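Data first, discussion second: the structure below is written as C-alpha cells.
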2 protein chains.
Amino acid sequence: MAAKAAAPDKRRQILDAAVRVFARQGFHATRVSDIADEAGVAYGLVYHYFRSKDEVLNELFIERWSLLLAAIEEADQAGGTHRERLAAVAGFIVGSYRHDPELMKVIIVEVTRAANSFGRTHLPEIRRAYESIAKIVADGQAAGEFRRDVTPLFASMAFYGAIEQLLSGWIFEVIPASDTSFEDAKDLLVTTICDGLGPR
Amino acid sequence: MAAKAAAPDKRRQILDAAVRVFARQGFHATRVSDIADEAGVAYGLVYHYFRSKDEVLNELFIERWSLLLAAIEEADQAGGTHRERLAAVAGFIVGSYRHDPELMKVIIVEVTRAANSFGRTHLPEIRRAYESIAKIVADGQAAGEFRRDVTPLFASMAFYGAIEQLLSGWIFEVIPASDTSFEDAKDLLVTTICDGLGPR
DNA sequence: CGGAACCGATTGACTGGTCAATCAGTGAGG
DNA sequence: CCTCACTGATTGACCAGTCAATCGGTTCCG
C-alpha cells in the first residue's frame, strides 16, 4: 500500500475517534492522548494531521455544518410550501441526530451552544444558518403563508431553538428518545411553530 | 466595622465580581485570581468563602434558578388562562435578562447550555423547570385551551428552547437587543408558541 | 537490478507554563 | 489573648504542544 493512501485513513480514524471521546467526556475534559488512544495511533500523529486539539473539533464542525447549510439551501430551492421547506430543514437536523447522535452531540454541546468559548470562532457560520431559515420565513410571509407580525429572524431563532432544545433533551435524557419520537418530532416541531406563524 | 459584619459584604462582592468576570471571559478562561482582583480582595479569601471555583458558579446558578422555579410556580398559582401563565414565565425570563444580562449570560452559557460539563450537576433542577412548564401545558390541554396532540414535555422544551435561543441571540449579538425588542419579545414568543398549540 | 538517497508518516518522551488549591501567617475585634 | 476574616506566596498536578528519532516506501542512478 502506498504511503499516500494510508494517510487519509489515519486522519479519518483520528476524527472518528475524536467524536467518540468528545461525546463521552466533553471537549475540555479530553486530553489529546485520549484521542490518540481511542484512534489506536501515536500521540504525535494527531499533531501531524492537525495543528491543535481545537483544529480537530473545528474540522468536525465545519464538515457537518456545511452539510446543514447545503441542506437548508436545498430545502429552499426545492420549492413547495414554505411550511414544507421548514419541515425539510427540521427533518434534516433530526435525521442527522438519528444517524449519528455522538457527532450531533459534539456539534451542539461543544460548538453551537458553546458560543462563549469554542463556538465564538464559528458564530458567522452559525448565523448564516439562522439567516437562511429566516429567508424561508420571509418568503413565506411574502407569499401570504405566514403572519407578518413576527420578524423572520425572530421566528428563525425560535424554530431553531426549539429543535436544538429537543435534541439536547434527547442527548441528556431529559426526554426519552425512541424511534417513534424521531418520526414524530419533525412534524410536531413544524406544527408547533408554523401554526403559530400561520395567518389566523 | 465589625469583622462579622464585613463578612457577608465580601462574599457578595466576590459573587458579583465573579458574574462580571465569567460573563466577560467565560468560566473556564477565568482564573480564581481574576475573580479576586475584580472583587478587590485577596486570592485566598475566595477560598475562605467558597470551597472551589466551581462552587462560586454553583452558588450563582442556584440563587438565580430557584427564583425561576418560584416564578414558574407562582405564574401557575396565579390563575388566569394557561396562555397567560406561559406569558408570565416568558416575561420573567426576559425580564431577568433585561435586569441583569451578565448574570443571565453566565447562567445560560455556563450552566444551562453546558450540560456536558458544569451543567451536568444541575440537570435535576433544570429538568424541574421543564417539568413545571410542562405541567402548565398539560393543565391547559385538560382545560381545552391547548391542542392535545403535542406532548406537554415536548411543548415545554420547544417553549423554553425558543426563549433561550432568543436570549442567546441577544447575548452574542446575532440579533439586535433593544428595549422595544425586550417589550415585544415576551408577546411574540407566546404568540408564536401558543397559537401553534391552540385548538384549531 | 541493487542499493543509496530521500521523504513523508509515525512514534512517544519530555518540557514549559498554567492554575487550582493549600497553608502559614497577620492583625483587629471582642 | 483568642478567634476569625483576611492575605498572598508556594506547591503540586496536569497537559498541550514540541521534537528528535525511527520506520518504510518510492525513486532514480550506476
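All chains are named by letter (A, B, ...) in the order of the sequence lines, taking the proteins before the strands, and each is independently numbered beginning at 1. Remember, it's a predicted structure, so these values are computed and weren't measured experimentally.
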* Asked: Would you find a donor on one side and an acceptor on the other, under 3.5 Å apart, between the side chain of B/R64 and the backbone of B/M104?
  -> no
* Side chains of A/Y49 and A/E59: is there a donor and an acceptor less than 3.5 Å apart? -> no
* **B/Q13 side chain vs B/A39 backbone, donor-acceptor pair below 3.5 Å** => yes
* Using the ring of each side chain (for Trp, its six-membered ring), is A/F27 parallel, tilted or perpendicular to A/F118, with breaks at 30° and 60°? -> tilted
* With respect to the phosphate group of C/dT10, does any side-chain polar atom (N or O) of A/H48 fall under 4.0 Å of OP1 or OP2? -> no
* **Side chain A/S156, main chain A/E131, donor-acceptor under 3.5 Å** => no
* Angle class for the B/F61/B/H122 ring planes (parallel below 30°, perpendicular above 60°, tilted otherwise)? -> tilted
* Strand-adjacent residues in residues 32-47 of chain A, judged by heavy atoms under 4.0 Å from DNA chain D -> A/V32, A/Y43, A/Y47
* Structure fact -> Contact check, residues 23-31 of chain B vs DNA chain C, heavy-atom distance under 4.0 Å, returns B/T30, B/R31
* Between A/R31 and A/Q25, is any side-chain donor less than 3.5 angstrom from a side-chain acceptor? -> no
* Phosphate-side-chain proximity, A/K10 and C/dT10, N/O vs OP1/OP2 below 4.0 Å -> yes
* Structure fact -> Under a 4.0 Å heavy-atom cutoff, the residues of residues 55-63 of chain B touching DNA chain D are none
* To do: Enter the distance from B/I14:CD1 to B/D9:CG here, rounded to the nearest 0.5 Å.
  => 11.0 Å
